[in-house]
Protein chains: 2
Amino acid sequence: MQFEEAKNKFVQTWGALGSQWGINKTMAQIHALLMVSKEPVSMEDIMQELQISRGNASMNLRGLMDWGIVYKANKPGERREFFVAEKDLDELATKIAKERSKREIKPALKVLKEVSAVDADNSEEAQHFIAQTKKLYDFVSSADEMIDKVTEYKDNWLGKLMMKILR
Amino acid sequence: MQFEEAKNKFVQTWGALGSQWGINKTMAQIHALLMVSKEPVSMEDIMQELQISRGNASMNLRGLMDWGIVYKANKPGERREFFVAEKDLDELATKIAKERSKREIKPALKVLKEVSAVDADNSEEAQHFIAQTKKLYDFVSSADEMIDKVTEYKDNWLGKLMMKILR
DNA sequence: AATAACTTTCAATTATTTTTGAAAGTTTAA
DNA sequence: TTAAACTTTCAAAAATAATTGAAAGTTATT
């Protein structure tokens, strides 16, 4: 396979995968493109390579920057802006995990706590509802904490050992 | 909050969350409904509670069964079919993880391996592409393996200890 | 073997999400 | 301060995804 072909295939695949994970296709493609680009890329180039409009490029780049996984980069002597992706994968995973936790898990936990505090009338249905939503709360909140811990532990020897054993 | 209100809020929230994770809203809602229902639920009741059509209910139930997280249940003496959700959360997480691995991670890994085997011409760009996609392959494949291991380890003492420490 | 009770399928419709592109906004340089 | 170079915004259009509902398909009952 030739370089351009491979690059294209990678970008397309990553985009399709993004859709399945609730990320819009273009955003995932831009991210993929930046991930494999050595040099910062201009908006013009992104539009060109992905065949998308200026507005689309602009909005999705903004989205990626909100996630904290793409940055602006200035090339000396150049007027326009260039973009680079966070390329360190541990760092990337950490940022995505933290952000999803903040945006989705935390609010979901709030709702779980609320609904599991429903007035316990004596119906079996209500009892079961309470038990089940409580279990769900515990489960989701320890999964959430665990992700925090795993990202922290990456830096110390015990954590690294665990990662070794686990994988 | 009253039971019906709480139940409704839970179902709605879970549905909205589903959308953000690439699962269609109705599928997530049906699953939520079944999760908190003590007794098996008929298709009629699902349609009623979620205000959806028969076809919609049928297709999404099929989808949930394909994921292996909802089963058919027969009530003695009843003609029609009833449905129950997998309610054990460890089991649920394991099934989802395994299925996503099969459907999405494995095919993505295949593509990563392919594209990282691109003809190494001497351009810096191509070199970087190869390095980056290789790293990505390693990262994704160890994350994938780790998930496997975590679900296995749940059953033995060492695993349980680790889970304790991690959380 | 006919009918009733129920489920699945799928083409057409409806709803949601994404994309476009041109106008408005911003920043730099002369 | 003006103009050129560039970016953002957002209403309208296009693309995609979900939903409906009725016909076709199944399975159990008489």
Side-chain angles (χ1 to χ4, degrees), chain A residues 11-34 39-67 70-84 103-104, chain B residues 11-34 39-67 70-84 103-104:
Chain A
V11 169
Q12 290 305 121
T13 305
W14 228 235
L17 214 61
S19 310
Q20 293 178 307
W21 285 79
I23 291 141
N24 104 25
K25 194 183 63 174
T26 304
M27 194 183 284
Q29 286 181 338
I30 295 178
H31 185 248
L33 179 61
L34 296 179
E39 296 296 316
V41 184
S42 70
M43 205 155 97
E44 210 63 47
D45 288 346
I46 291 170
M47 289 163 59
Q48 171 67 230
E49 288 230 38
L50 305 180
Q51 290 292 301
I52 59 173
S53 72
R54 189 171 294 287
N56 197 6
S58 174
M59 291 183 110
N60 284 112
L61 279 166
R62 147 73 57 133
L64 286 164
M65 290 189 297
D66 289 348
W67 277 88
V70 162
Y71 318 107
K72 282 188 180 167
N74 280 40
K75 276 195 182 176
E78 279 275 11
R79 170 74 172 279
R80 66 221 155 110
E81 291 169 328
F82 290 78
F83 301 89
V84 287
R103 296 188 194 189
E104 295 148 16
Chain B
V11 169
Q12 290 305 121
T13 306
W14 227 235
L17 214 61
S19 310
Q20 293 178 307
W21 285 79
I23 291 141
N24 105 22
K25 194 183 64 173
T26 303
M27 194 183 284
Q29 286 181 338
I30 295 178
H31 185 248
L33 180 61
L34 295 180
E39 296 297 315
V41 184
S42 70
M43 206 154 97
E44 210 64 45
D45 288 346
I46 292 170
M47 289 163 59
Q48 171 67 229
E49 288 229 40
L50 304 180
Q51 291 291 301
I52 58 173
S53 72
R54 189 171 294 288
N56 197 4
S58 174
M59 290 182 111
N60 285 113
L61 279 166
R62 147 72 57 131
L64 287 164
M65 291 189 298
D66 289 348
W67 278 86
V70 162
Y71 319 108
K72 283 188 179 166
N74 280 41
K75 276 195 182 177
E78 279 274 13
R79 170 73 173 279
R80 65 222 156 108
E81 292 170 327
F82 290 78
F83 301 89
V84 287
R103 295 189 194 189
E104 295 148 17

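Residue numbers start from 1 in every chain, and the chains themselves are labelled A, B, ... in the order their sequence lines are given, proteins ahead of strands.
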Visitor: As an exercise, state the distance from NZ of A:Lys72 to CZ of A:Phe83, rounded to the nearest 0.5 Å.
Guide: 6.0 Å
Visitor: Separation of B:Arg80 atom CZ from C:dA4 atom C1', in whole Å?
Guide: 15 Å
Visitor: By a strict heavy-atom criterion of less than 4.0 Å, which residues belonging to residues 16-29 of chain A are in contact with DNA chain C?
Guide: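 Within residues 16-29 of chain A, the residues near DNA chain C are A:Asn24, A:Thr26.
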Visitor: Using the closest heavy atom to pick a nucleotide of DNA chain C for each, name whichever of A:Met59 or B:Met65 lands nearer the 5' end.
Guide: B:Met65
Visitor: Where along residues 51-58 of chain A does a heavy atom fall under 4.0 Å from DNA chain D?
Guide: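 Those residues whose heavy atoms fall under 4.0 Å from DNA chain D, taken from residues 51-58 of chain A in numerical order, are A:Arg54, A:Gly55, A:Ser58.
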Visitor: Select base, sugar-phosphate, or nothing to describe what B:Arg79 touches, counting heavy atoms under 4.0 Å on all strands.
Guide: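 The residue B:Arg79 makes base contact.
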Visitor: Residues in side-chain contact (heavy atoms from CB on, under 4.5 Å) with A:Arg54, at least two apart?
Guide: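 side-chain contact (heavy atoms from CB on, under 4.5 Å) check on A:Arg54 returns A:Met43, A:Glu44, A:Met47.
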Visitor: Looking at CZ of A:Arg79 and OG of A:Ser42, how far apart are the two atoms once the value is rounded to the nearest 0.5 Å?
Guide: 14.5 Å
Visitor: For the atom pair CG (A:Leu50) and CG (A:Asn56), what is the distance rounded to the nearest 0.5 Å?
Guide: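 If I round to the nearest 0.5 Å, the distance is 9.0 Å.
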Visitor: CH2/A:Trp21 to CD/B:Gln20 distance, rounded to the nearest 0.5 angstrom?
Guide: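 CD of B:Gln20 is found 14.0 Å from CH2 of A:Trp21.
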Visitor: Surrounding CD of B:Glu78 (heavy atoms of other residues, nucleotides or ligands, distance under 6.0 Å), is the total greater than 12?
Guide: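 Yes, the 6.0 Å shell around CD holds more than 12 heavy atoms from other groups.
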Visitor: Kindly compute the distance separating CD1 (B:Ile46) from CZ (B:Phe82), expressed to the nearest 0.5 Å.
Guide: 10.0 Å
Visitor: Please table the atom pairs, donor to acceptor, closer than 3.5 Å between any side-chain atom in residues 22-31 of chain A and protein atoms at least two apart or in another chain.
Guide:
{"residue": "A:Asn24", "atom": "OD1", "partner": "A:Thr26", "partner atom": "N", "Å": "2.9"}
{"residue": "A:Asn24", "atom": "OD1", "partner": "A:Met27", "partner atom": "N", "Å": "3.0"}

Visitor: First and last nucleotide of DNA chain D touching chain A, 5' to 3', heavy-atom cut-off 4.0 Å?
Guide: D:dA4 to D:dC10
Visitor: Rounded to whole angstroms, how far apart are CE on A:Met43 and C1' on C:dT19?
Guide: 14 Å
Visitor: Among residues at least two apart in sequence or on other chains, which ones pass side chain to side chain donor-acceptor pair (under 3.5 Å) with B:Lys75?
Guide: none
